[in-house]
S.K.: 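My questions all concern the structure below.
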Amino acid sequence: PSIAASIAESEVIFIAVPTPPNTDGSVDLTYIEKVAREIAQALQPEMGYKVIVDKSTVPVKTGEKVSQTIKHYAGPNVQFDIVSNPEFLREGCAVDDLLHPDRIVIGANSEQAMNVIRRVYQPIHAPILETDVNSAELIKHAANSFLALKISYINAVAKVCEKTGADVELVAEGIGMDKRISRHFLNAGLGYGGSCFPKDVKAFINISRTLGIPFTLLEEVEHINDTQHIHFRDRLWVLKDKKIAVWGLAFKQNTDDVRESIALKLCEKLCGEGAIVTATDPKAMHTAAPILTPMGVKLVEDMYECARDAEVLVIATEWSEYANADLQKLAGVMRNRIIFDGRNILSPANLRAVGFEYHSVGRPSVEEA
Ligand code: UGA
């Protein structure tokens, strides 16, 4: 049905449009504004009270703007409230996250709107946090930025581990056993990618700067993330004319999404230095091909064929297929038994047993026997 027809029939209208980044890191709100106008033009006083729920990730105070826009474009006497209901699901486990969330955040400025959305979520058993609209909007950016901060924090700790021979896995376990910290999102690696963390950290930096209170801590979180794969590359030697195999192109496991994927940034860096790069991914070959093929990267479906004759194997995404790789088979196809594991998914002890040289992030290396 058209927007107008579905608005006439519905008591609750969810806005779930993209909010992509502008080049300066601010959030592009043109889709939100457009949909607000479309809703306004469809609203009629005789339709009764409507609750317009924003699910998209938006800067704090966007709800106020949406409300003003609707008032400007709607006729007189329409009755509505705006609710902010941020989404916390992750790609790859979206349905499970939707049905079993850690919490549901409902930001409303009227009891009438809050009641309607409470009813919507009644079938889902999860703690509900009720807030005002501004707080709910802020929670999403603050939550994603905090998770990004945890990742950058452990990546910074990993560098200290590399210099000292400490093992970041044990350090993460030790600090994560404190319930106030928790072990989740303390996996060191090549850094975070995807369509959410990079964009939301940038947006939160931009929002704070615009408010005249620069959030310099988040600038450092971003800097650590931006430089993590370069630091990783610098541990390899001369790359020119080297055959490098890359396992993993998606920004994380269980998705074909390559948006802001660190794996692709790494491939670009390797190619830029004259390496001969072969890459594979269980799901993301078709999404990565338009970016990687013009760079000269050869895409190979089978992970062992991808590694054939390679002088170094780089693991760039945390797929379970790679964590469970047949190391004997891998040893049989590679030219040199050297692995750089950017996601810490292999076990150093297993690699030592098969005679690999193995480097990972923040864990002691296994040198060639
Ligand atoms: C993220 C949040 O986890 C969701 O709660 C949120 O709803 C979503 O953004 C969103 O804003 O829509 P998502 O981007 O799907 O979800 O992916 P994550 O599972 O959070 O992973 C993001 C990146 O962090 C990946 O590149 C992953 O490899 C990396 N990561 C994750 C680490 O490097 N270390 C970790 O310990 C965890």
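Since this is a predicted model, take the numbers as computed values, not measurements. When a ligand or atom number is given, it counts from 1 through the structure's own listing order.
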S.K.: Got a salt bridge between Lys202 and Glu222, using NZ or NE/NH1/NH2 to carboxylate O under 4.0 Å?
M.R.: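 Judged by the 4.0 Å cut-off on N to carboxylate O distance, Lys202 and Glu222 do form a salt bridge.
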S.K.: Looking only at protein heavy atoms, which one is nearest to atom 24 (O) of ligand 1, and what is the separation?
M.R.: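 So the nearest neighbour among protein heavy atoms is Tyr192 CB, 3.4 Å.
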S.K.: Measure the distances from the heavy atoms of Leu89 to every atom of ligand 1 and state whether one is below 4.0 angstrom.
M.R.: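 Leu89 counts as a contact of ligand 1 under the 4.0 Å cut-off.
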S.K.: Should we count NZ of Lys65 as having more than 12 external heavy atoms under 6.0 Å?
M.R.: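 Atom NZ in Lys65 is not crowded, with 12 or fewer foreign heavy atoms closer than 6.0 Å.
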S.K.: For atom 4 (C) of ligand 1, find the nearest protein heavy atom and state the residue, atom name and distance (0.1 Å precision).
M.R.: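 Answer for atom 4 (C) of ligand 1: Phe88 O, 3.4 Å.
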S.K.: Mark yes when over 12 heavy atoms from residues, nucleotides or ligands other than Glu268 sit less than 6.0 Å from its CD; otherwise mark no.
M.R.: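 At most 12 heavy atoms, drawn from other residues, nucleotides or ligands, come within 6.0 Å of this atom.
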S.K.: Please write down residue, atom name and distance for the protein heavy atom closest to atom 28 (O) of ligand 1.
M.R.: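 Its nearest protein heavy-atom neighbour is Glu318 OE2, 2.7 Å.
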S.K.: Which residue and non-hydrogen atom of the protein lie closest to atom 25 (C) of ligand 1, and at what distance in Å?
M.R.: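 Here the closest protein heavy atom is Phe251 O, 3.5 Å.
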S.K.: Output, in order, the C-alpha distance, side-chain angles, deciding distance and verdict of side-chain contact (heavy atoms from CB on, under 4.5 Å) for Leu217 and Leu149.
M.R.: CA-CA 9 Å; Leu217 173 65; Leu149 176 141; 3.6 Å; yes
S.K.: With a 4.0 Å cut-off on heavy atoms, is Arg343 in contact with ligand 1?
M.R.: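 Heavy atoms of Arg343 do come under 4.0 Å of ligand 1.
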S.K.: Under 4.0 angstrom from ligand 1, any heavy atom of Cys196?
M.R.: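 It does; at least one heavy atom falls under 4.0 Å.
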S.K.: Do the numbers put Lys55 on top of the ring of Phe14, so that NZ or CZ is under 6.0 Å from the six-membered ring centre and no more than 45° off the axis?
M.R.: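 No.
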S.K.: Take Ser84 and Glu137 through the side chain to side chain donor-acceptor pair (under 3.5 Å) test and state the conclusion after the steps.
M.R.: CA-CA 6 Å; Ser84 167; Glu137 288 172 338; 4.8 Å; no
S.K.: Between Phe215 and Phe204 (judged by ring centroids, cut-off 6.0 Å), do the two rings come close enough to count as a pair?
M.R.: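 Yes - the distance between ring centres of Phe215 and Phe204 falls below the 6.0 Å cut-off.
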S.K.: Name the closest protein heavy atom to atom 19 (O) of ligand 1, giving the residue it belongs to and the distance to 0.1 Å.
M.R.: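 Sorting protein heavy atoms by distance from atom 19 (O) of ligand 1 puts Lys252 NZ, 2.9 Å first.
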S.K.: More than 12 heavy atoms of other residues, nucleotides or ligands under 6.0 Å from NZ of Lys159: is that the case?
M.R.: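 Above 12, so yes.
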S.K.: Looking only at heavy atoms of Gly193, does any of them come nearer than 4.0 Å to an atom of ligand 1?
M.R.: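 Yes; Gly193 lies near enough to ligand 1 that a heavy-atom distance drops under 4.0 Å.
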S.K.: How close does the nearest protein non-hydrogen atom get to atom 32 (C) of ligand 1, and which residue and atom is it?
M.R.: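 The answer is Ile151 CD1, 3.6 Å.
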S.K.: What part of Asn187, side chain, backbone, both or neither, has a heavy atom within less than 4.0 angstrom of ligand 1?
M.R.: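 The answer is both, backbone and side chain.
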S.K.: Using a heavy-atom cut-off of under 4.0 Å, does the side chain or the backbone of Leu186 touch ligand 1, or both, or neither?
M.R.: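 Looking at Leu186 and ligand 1, just backbone atoms fall under 4.0 Å.
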S.K.: Just distances here: any N/O of Phe197 and N/O of ligand 1 closer than 3.5 Å?
M.R.: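 No, since none of the N or O atoms of Phe197 sits under 3.5 Å from an N or O of ligand 1.
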S.K.: For Tyr153, does the OH atom sit with more than 12 other heavy atoms under 6.0 Å from it, leaving out its own atoms?
M.R.: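 12 or below, so no.
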S.K.: Flag this pair as yes if the NZ/CZ of Arg235 is under 6.0 angstrom from the six-membered ring centre of Phe340 and inside a 45 degree cone about the axis; otherwise no.
M.R.: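 That pair does not qualify as a cation-pi contact.
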S.K.: Hey, is Lys140 one of the residues with a heavy atom under 4.0 angstrom from ligand 1?
M.R.: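 Yes, Lys140 has a heavy atom closer than 4.0 Å to ligand 1.
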S.K.: Counting heavy atoms only, which of Glu91, Arg183, Lys150, Arg90 is nearest atom 3 (O) of ligand 1?
M.R.: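 Answer by nearest heavy atom: Arg90.
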